[in-house]
Amino acid sequence: MQKLSEQEVIRRKALERLKELGINPYPAEEFVVTHTPEEAKRDYSPEEEQEEMSMAGRLMMKRVMGKASFAELKTPDGKMQLYISRDEICPEEDKTLYNEVFKRLLDIGDFIGVKGKLFTTKTGEITLRVSSLKLLSKSLRPLPIVKVDADGTVHDAFSDPELRYRQRYVDLIVNPDVSSIFVKRSKMISAVRRFFDDRGWMEVETPILQPIHGGAAARPFKTHHNTLDTDLYLRIANELYLKRLIVGGYKGVYEIGKMFRNEGMDRTHNPEFTLLEVYIAYKDYFWMMSMVESLLEEVAFKATGSTLVTFDGHDIDFKGPYRRLTMMDAIEQYSGVDVSGMNEEELRKVCKEFHIDVDNTMGTGKLIDEIFGEKVEPHLIQPTFITDYPIEMTPLAKKHRSKEGLVERFELFVAGKELANAYSELNDPIDQRARFEEQLRLAERGDEEAMALDNDFLRAMEYGMPPTSGLGIGMDRLAMLLTGQTSIQEVLFFPQMKPERKG
RNA sequence: GACUCGGUAGCUCAGCCGGUAGAGCAACGGCCUUUUAAGCCGUGGGUCCUGGGUUCGAAUCCCAGCCGGGUCACCA
């Protein structure tokens, strides 16, 4: 049994006293709510006769002034100030409900239901004059009370990140700004769904437990299925399954789902994260760029009410069209060096000049990517498409229609970070097999990122896959951009944490 | 993983040149029928993250560990 704090002991005693008084602290019957605070205030006019209304929520503040009190009720739809007068809720001789139940036994954090009519206080706040009051659920732990003064200054904020993430429920109760981040995130996700559903593309679900962790380069989480006696992996990507569905004949499929990567955690990486993947048949990556512009413009607007967001000190506009430039042009523009056509030796020289750390396992593609990451990425603040990547690092993209050594791939950068990644998908099964085999060679040389070969995926492709463009967008990063948060933990309800040590 | 900062009351923090712990809010008792960071008077509340060490004596100094934040590295 855990040791209770003084305040917890007091609340448990209050719970017992309530029971003695015949009050069930956790009643089963429905308390019918007739109004949200907003509805009530909107329809209120002081002259008109009112019907009695009822509301329910959490008691967040009590200001007792003898025989009358003000209280603050936090409902799921907004706040309402309550005015509670002893003789109005206790019209008879017995004043227990006010003197003992309300003043002593009800605590901040308790859920109550109230009935009454509105009036305007001296200071002009529309307030519910309570005629009756009912306990709906007793709270046994004290909430951290955050106070905001007349200037809007926050006092005693509940701000310890460890406590906030471990006890997100408390964070959500006392920090309305935190709660609204997740409302925006939810709107964002539903706007994405609506965008695709409106176009006739189908939301699908593909396996999370996979026998081969294909479609991306990352260390997986491993698990075991007892009945099948088989090792399985939590997916690091779903790309190869979605392409199988395109082979199966759907014109467009998308999935919004969790991916799992057993790697480092930091401000932009959580071991499980939400990825949007879209595959549309008969399209190429140019078409996909236009679609991304439409998508992000619409989603930003629906989630936040504007295409303009502020992130990390930058004003970012998601209104399309976005700047497009090839990777080689971008490098030349921001570093002054034209790396196109350079061999590995020349690229290493460039890296050395720029003081970029490289190692011997890196080929030309990786070296170019390093230069890009160092010299270009930080400058890409407004949404920018970078196109036409080296073939070595992109085993699932189609070879460029005209440029030797490149693939038809783009990434979208915003605020100096990658947000989306897309290809004209490789649909030549012979080429695909050759690319996988190249990855195997890299793996043999010690490249841990090399992609595993998936024979069933190749079999599917051999039956014929239509020309297709595919796209992935990190939903957590998009949520960060749309809510102005620079830490991924602030857009995940329950970010991964080490287990609490038992006290 | 490296470096760095932090962990003290329910919350936010002070105390850290060693001498058995403080403030504000919250809580408890009293007063108060239009308050809104309500106010006034009074009271209680602590595994000072954990474990070792130094010392007559450790929240404070030293060592190790745990948990978290930040930066970097790794990683898309």
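The structure displayed is predicted, hence computed values, not measured ones. Each chain gets a letter, A, B and so on, in the order its sequence line appears, and its residues count up from 1.
- For the residue pair Ser85(A) and Asp87(A), no side-chain donor N or O sits within less than 3.5 Å of a side-chain acceptor on the partner.
- Taking 4.0 Å as the cut-off between side-chain N and carboxylate O, Asp231(A) and Lys222(A) count as a salt-bridged pair.
- One interatomic measurement links the two molecules: CG of Asp160(A) to P of rC25(B), which rounds to 22 Å at whole-angstrom precision.
- rC28(B) and rG42(B) make up a base pair, with Watson-Crick or G-U wobble contacts both under 3.5 Å.
- The stretch residues 384-391 of chain A does not touch RNA chain B, since none of its heavy atoms comes less than 4.0 Å from the strand.
- Comparing rA37(B) with rC11(B), their C1' atoms are spaced 15 Å from each other, to the whole Å.
- Only the P atoms considered, rC66(B) is 39 Å distant from rA26(B), to the nearest whole Å.
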Would you give a per-nucleotide map of nucleotides 28-35 of chain B, 5' to 3', where B means the base has a protein non-hydrogen atom under 4.0 Å away, S means only the sugar-phosphate does, and - means neither? SSS-BBBB

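- Remark: C1' of rA76(B) and CZ of Phe260(A) are 17 Å apart, rounded to the nearest angstrom.
- Looking at heavy-atom distances under 4.0 Å, Leu143(A) makes no contact with the nucleic acid at all.
- Atom pair Met60(A):CE and rC25(B):C1' shows a separation of 14 Å (rounding to whole Å applied).
- The nucleotide rU12(B) finds its pairing partner in rA23(B), both defining distances of the Watson-Crick or G-U wobble pair being shorter than 3.5 Å.
- Look at CG on Leu163(A): it is 12 Å from P on rG69(B), rounded to the nearest Å.
- Nucleotide rU55(B) has no partner under the Watson-Crick or G-U criteria, as no pair reaches both atom distances under 3.5 Å.
- Across residues 144-153 of chain A, Pro144(A), Lys147(A), Val148(A), Asp149(A) each have a non-hydrogen atom less than 4.0 Å from an atom of RNA chain B (numbered order).
- Using atom P as the reference point in both rG39(B) and rU20(B), the two lie 33 Å apart (nearest Å).
- In this structure, of rG10(B), rU12(B), rC75(B), it is rC75(B) that holds the atom nearest to the side chain of Glu263(A).
- The two residues Phe158(A) and Val146(A) have their closest heavy-atom pair at N-CG2, 3.6 Å.
- Going from atom NZ of Lys62(A) over to atom P of rC25(B) covers 17 Å, rounded to whole Å.
- Only the C1' atoms considered, rA59(B) is 4 Å distant from rC48(B), to the nearest whole Å.
- Going from the C1' atom of rG22(B) to that of rG69(B) covers 26 Å, rounded to whole Å.
- Across the P atoms, rA23(B) and rG45(B) are found 13 Å apart, a figure rounded to whole Å.
- Ring pair Tyr98(A)/Phe102(A) is parallel by interplanar angle, where below 30° counts as parallel and above 60° as perpendicular.
- Distance CG (Asn270(A)) to C1' (rA76(B)): 15 Å, rounded to an integer number of Å.
- In summary, Glu39(A) and Arg42(A) do not engage in a salt bridge, as defined by a charged side-chain N under 4.0 Å from a carboxylate O.
- Nucleotide rU60(B) is matched to nothing when pairs are restricted to Watson-Crick or G-U wobble geometry with both distances under 3.5 angstrom.
- Closest to the Glu162(A) side chain, of the nucleotides rG70(B), rG68(B), rC13(B), is rG68(B).
- One finds a salt bridge joining Glu49(A) and Lys117(A) here, because a Lys/Arg side-chain nitrogen approaches an Asp/Glu carboxylate oxygen to under 4.0 Å.
- Place Glu418(A) and Gln496(A) on RNA chain B by their nearest nucleotides, and Gln496(A) ends up nearer the 5' end.
- Counting any heavy atom pair closer than 4.0 Å across all strands shown, Asp266(A) reaches a base atom.
- Rounded to an integer number of Å, the gap from CZ of Arg166(A) to P of rC11(B) is 14 Å.
- Among the nucleotides rA38(B), rG10(B), rA76(B), the one closest to the side chain of Met61(A) is rA38(B).
- As a whole-Å value, the separation of Phe372(A) CZ from rA76(B) P is 16 Å.
- Note on Arg11(A): nothing from the nucleic acid sits closer than 4.0 angstrom, heavy atoms only.
- Arg12(A) and Glu16(A) are not joined by a salt bridge, as no carboxylate oxygen comes within less than 4.0 angstrom of a charged side-chain nitrogen.
- Residue Arg409(A) places a side-chain atom within donor-acceptor reach of the base of rA76(B), judged by atom type and a 3.5 Å distance cut-off alone.
- Across all strands shown, rG68(B) pairs with rC5(B); the Watson-Crick or G-U wobble distances both stay below 3.5 Å.
- Using a 4.0 Å cut-off between charged side-chain N and carboxylate O, Glu277(A) and Lys243(A) make no salt bridge.
- The backbone N or O of Pro395(A) sits less than 3.5 Å from a side-chain atom of Gln432(A), completing a donor-acceptor pair.
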